[in-house]
Amino acid sequence: MKSLGFDAAVQAVESGQADGVIAGMSITDERKQTFDFADAYYESGTSFAVLDSSDIQSLEDLEGKSVAVKTGTQGAELAAELADEYGFTVNTFDDSPNMYQDVVSGNSAAAVEDTPVMGYAISQGLELRMIGEKMSPAPYGFAVLKGQNPELVEMFNAGLENIKANGTYDEILAKYGADEGQSSSTTTATPASDKTYVIATDTTFAPFEFQDADGNFVGIDVDILAAIAEDQGFKYELKSLGFDAAVQAVESGQADGVIAGMSITDERKQTFDFADAYYESGTSFAVLDSSDIESLEDLEGKSVAVKTGTQGAALADELADEYGFTVNTFDDSPNMYQDVVSGNSAAAVEDTPVMGYAISQGLELRIIGDKLSPALYGFAVLKGQNPELVEMFNAGLENIKADGTYDEILTKYGANEGQSAETEEEPAAVEKDSFFAQITNNFPALMKGLGTTVYLAIISLVIATIAGIFLGLMRTSGNAILSGIATVYIDIIRGLPLLVMSFFIYFGIPSMFNITISSIVAGILTLSLNAAAYMGEIVRGGIQAIDLGQTEAARSLGLTKGQTMRRVILPQAVKVMVPSFINQFVITLKDTSILSVIGIVELTQTGRIIIARTYQSGSMWLIIGLMYIIIITILTKLSDYIERVYVKNKTSM
């Protein structure tokens with residue numbers, strides 16, 4: 001084997017320095033005048049690629065720009081043919097790495113290369129993405145000089161036939177992720193790089209995604225994703241956020257993809273690129289078992305509960321006027337179901353397999369009418385981003401369907417009706433846990449959620465206290481500029497709902513500045529910034545509560561303004577502030593529940609996740625409420641103790 005470079009390799013055969021050449025060499029009529037080719041061993045094509053960060057989406061966008069090509073290749077010929085049509089110029093290089101580097105460094109806007117070669121380079125971390133479709137289909141062939149070494153061509157052909165027959169050929173292509181469109185029996189996408197993809201999902205959408213009794217996320221979506229990742233060899237981190245937040249996470253760049261029972265619609269295709277559909281669903285209405293409602297006509301004058309952003313919500317909006325019902329909107333399925341159970345709504349609308357699973361778990365509802373709005377579920381990425389992830393999902397889905405894994409997953413969750421599974425098995429109905437069994441069975445998860453709640457509250461309060469002291473001092477400094485800055489900050493923060501602030505920090509800032517913020521950091525920032533405004537007012541109030549005569553007396557004794565504040569005013573003011581500080585801690589502790597919207601599994605979110613599995617909301621919310629009462633009572637008693645000790649010490653001094 002002589003590694004020479006493409007042009008030198010061809011010339012080596014022509015000059016008799018080599019007996020044959022194999023170098024991804026396209027079989028063309030022109031080359032056949034000089035070489036004898038063996039049977040084609042690969043069907044390739046040519047693609048254009050641009051920088052990941054480029055706004056170029058098509059060949060039309062290359063007008064007035066440069067395109068890098070590799071000497072003597074099919075890509076170079078294609079670029080030369082298209083240069084006038086699309087108005088670009090051509091830069092020529094001797095090898096692919098330098099060609100790619102010319103694009104990375106910004107000298108050329110695009111590179112042209114054989115599609116599998118380009119795909120492999122991208123999978124290895126090259127920050128390019130392909131645009132347009134694969135062009136100039138061309139077979140690769142092994143070649144010898146015309147009339148020379150016919151026995152070598154004959155042996156190549158015979159060997160190629162044999163390795164195709166015994167599977168070796170397929171294994172080689174699969175090994176390098178180049179078997180798309182070839183004769184291999186399984187499909188493998190371009191090999192994954194070392195990147196770990198962040199995949200967002202819902203939290204309470206059983207049987208597609210939910211948490212089991214051990215705290216692990218399971219479900220059809222979760223198991224399908226795991227099976228595909230194992231088949232394709234890519235790594236991922238699953239982020240459980242809730243449906244709306246999961247979609248926003250992909251839009252803002254906080255996640256690479258979303259799998260959450262997401263229906264493929266024309267509207268969503270404007271924002272997302274979908275992989276092949278992995279499940280065909282539909283939507284159903286359900287009412288209480290004891291209800292006398294039998295059809296949609298019976299819903300006139302009543303309320304119907306829906307889940308935000310779902311196909312069911314869209315369907316209910318369409319039918320509301322026709323059937324005369326109103327719509328109540330909820331963020332998750334358990335609360336939507338509970339609204340029907342409690343009698344506030346007459347019916348709920350949900351994807352049929354999800355509704356069926358909930359009923360099988362003891363939810364006292366029954367489905368009415370026919371399944372409506374057939375919809376395909378799809379895995380999605382942001383439009384134009386992570387095409388390799390879509391490719392791997394498609395390839396893996398095809399493989400797990402072929403080897404039976406897909407059917408096993410659907411059967412496991414009783415959701416294979418109308419799909420490709422050969423058997424159908426409804427999940428066994430379960431008995432509801434007692435109140436104490438709920439505590440016992442979910443104790444580890446509840447304590448973990450409580451720990452997260454307390455951790456967030458303490459860290460946030462420490463930061464807020466430091467910031468609040470500065471704000472309070474600025475407000476009472478007598479300096480108009482400092483006081484004005486502090487006043488504006490406090491007014492803005494106090495006028496901004498905590499929910500809006502959490503969304504802005506977690507989704508808005510990353511989208512605006514192209515950065516990533518973890519949910520924990522976003523949660524701490526949200527609570528800290530909010531609490532700091534109130535802490536600033538507590539400090540201001542504490543300082544102003546001290547009689548002005550204290551300041552005048554200290555200044556008359558020769559103390560500076562700073563010394564007066566540190567040694568006279570603040571020590572007395574702290575005594576006034578302690579109850580308010582503890583009160584703010586309690587408020588911040590309760591405010592942590594809002595952070596569930598950005599995927600933080602604190603105590604309230606833990607309760608939602610457990611309810612999504614058990615559908616026993618009444619007892620679980622009672623447990624969660626008791627836990628909050630206990631921890632807040634402990635904090636209140638602690639504050640009383642600290643206040644008594646502080647007052648006693650100050651008095652004795």
Side-chain angles (χ1 to χ4, degrees), residues 453-506 508-509 517 520-551 554-555 559-595 598 632 635-636 638-640 642-643 646-647 650:
T453 291
V454 174
Y455 169 78
L456 288 170
I458 291 175
I459 297 298
S460 300
L461 201 73
V462 169
I463 297 172
T465 300
I466 296 171
I469 289 172
F470 281 104
L471 288 169
L473 292 175
M474 289 168 67
R475 286 270 277 151
T476 57
S477 65
N479 184 300
I481 295 176
L482 292 178
S483 179
I485 292 172
T487 300
V488 169
Y489 173 84
I490 291 169
D491 288 345
I492 290 174
I493 295 299
R494 292 202 303 184
L496 192 63
L498 201 59
L499 183 65
V500 174
M501 193 188 304
S502 65
F503 275 135
F504 175 73
I505 292 173
Y506 188 61
I509 291 177
I517 300 176
I520 290 292
V521 171
I524 290 173
L525 280 174
T526 300
L527 294 175
S528 300
L529 292 173
N530 181 72
Y534 294 94
M535 285 294 191
E537 288 297 273
I538 291 171
V539 171
R540 179 189 64 81
I543 291 172
Q544 292 180 344
I546 305 305
D547 191 273
L548 187 61
Q550 298 283 327
T551 302
R555 296 303 298 275
L559 273 69
T560 65
K561 190 173 182 180
Q563 289 173 327
T564 300
M565 183 62 68
R566 289 196 309 273
R567 298 183 179 182
V568 178
I569 304 302
L570 280 180
Q572 298 180 72
V574 168
K575 182 176 69 174
V576 178
M577 292 183 232
V578 167
S580 297
F581 271 141
I582 299 300
N583 184 57
Q584 185 58 46
F585 185 28
V586 170
I587 292 172
T588 302
L589 186 76
K590 292 190 289 186
D591 282 346
T592 58
S593 62
I594 292 174
L595 301 181
I598 59 172
I632 288 171
L635 288 173
T636 303
L638 179 63
S639 70
D640 292 342
I642 292 173
E643 187 177 5
Y646 185 84
V647 171
K650 286 298 176 184

Student check: side-chain heavy atoms of [X] and [Y] closer than 4.5 Å:
X	Y	result
Thr564	Arg555	yes
Ile505	Val521	no
Thr636	Ile582	no
Gln572	Val568	yes

### Query
Just wondering, are more than 12 heavy atoms of other shown residues or ligands nearer than 6.0 Å to CG in Leu548?
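It does: Leu548 CG has more than 12 such atoms within range.
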
Name all residues meeting the side-chain contact (heavy atoms from CB on, under 4.5 Å) criterion together with [X]; count only those two or more places apart in sequence or in a different chain, and write none if there are none.
X	value
Ser580	Ile538
Leu473	Ile469, Ile543, Met565
Lys590	Val586, Ile632

Closest contact, heavy atoms only, [X] versus [Y]:
X	Y	answer
Leu529	Ile493	O-CG2, 3.4 Å
Val539	Met577	CA-SD, 3.6 Å
Arg566	Leu570	O-CB, 4.3 Å
Ala545	Val576	CB-CG1, 4.3 Å

Hey, what do you get for [atom1] ([X]) to [atom2] ([Y]), rounding to the nearest 0.5 Å?
X	Y	atom1	atom2	answer
Ile490	Ile485	CD1	CD1	12.0 Å
Thr588	Tyr534	OG1	OH	10.0 Å
Ile598	Phe503	CD1	CZ	8.5 Å
Ile587	Thr592	CD1	OG1	12.5 Å
Gln584	Asp591	CD	CG	7.5 Å

### Residue list, ring-ring contact (aromatic ring centres under 6.0 Å, His included) with Phe585, at least two apart or on another chain
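Per chain and number, Phe585 pairs via ring-ring contact (aromatic ring centres under 6.0 Å, His included) with no residue.
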
### Task
Not counting sequence neighbours, list each pair that qualifies as a side chain to side chain donor-acceptor pair (under 3.5 Å) and has a residue in residues 479-502.
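Matches after skipping sequence neighbours: Arg475-Thr487.
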
Which atom pairs, one a donor and one an acceptor, fall under 3.5 Å between side chains of residues 454-468 and the rest of the protein, sequence neighbours left out?
{"unit_1": "Ser460", "atom_1": "OG", "unit_2": "Leu456", "atom_2": "O", "d": "2.6"}
{"unit_1": "Thr465", "atom_1": "OG1", "unit_2": "Leu461", "atom_2": "O", "d": "2.6"}

### side-chain hydrogen bond (donor to acceptor under 3.5 Å, both in side chains) against Thr476, all qualifying residues, sequence neighbours excluded
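Applying side-chain hydrogen bond (donor to acceptor under 3.5 Å, both in side chains) to Thr476 gives none.
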
### Query
Sub-3.5 Å donor-acceptor pair from the side chain of Gln563 to the main-chain atoms of Thr560, do we have one?
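A pair under 3.5 Å: yes.
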
### Task
Determine yes or no for a side-chain-to-main-chain donor-acceptor pair under 3.5 angstrom, with Ser477 supplying the side chain and Met474 the backbone.
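Looks like yes, one N/O pair under 3.5 Å.
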
Does anything in [range] form a salt bridge (charged side-chain N to carboxylate O under 4.0 Å, His left out)? List the pairs, not counting sequence neighbours.
range	value
residues 457-471	none
residues 455-470	none
residues 481-490	none

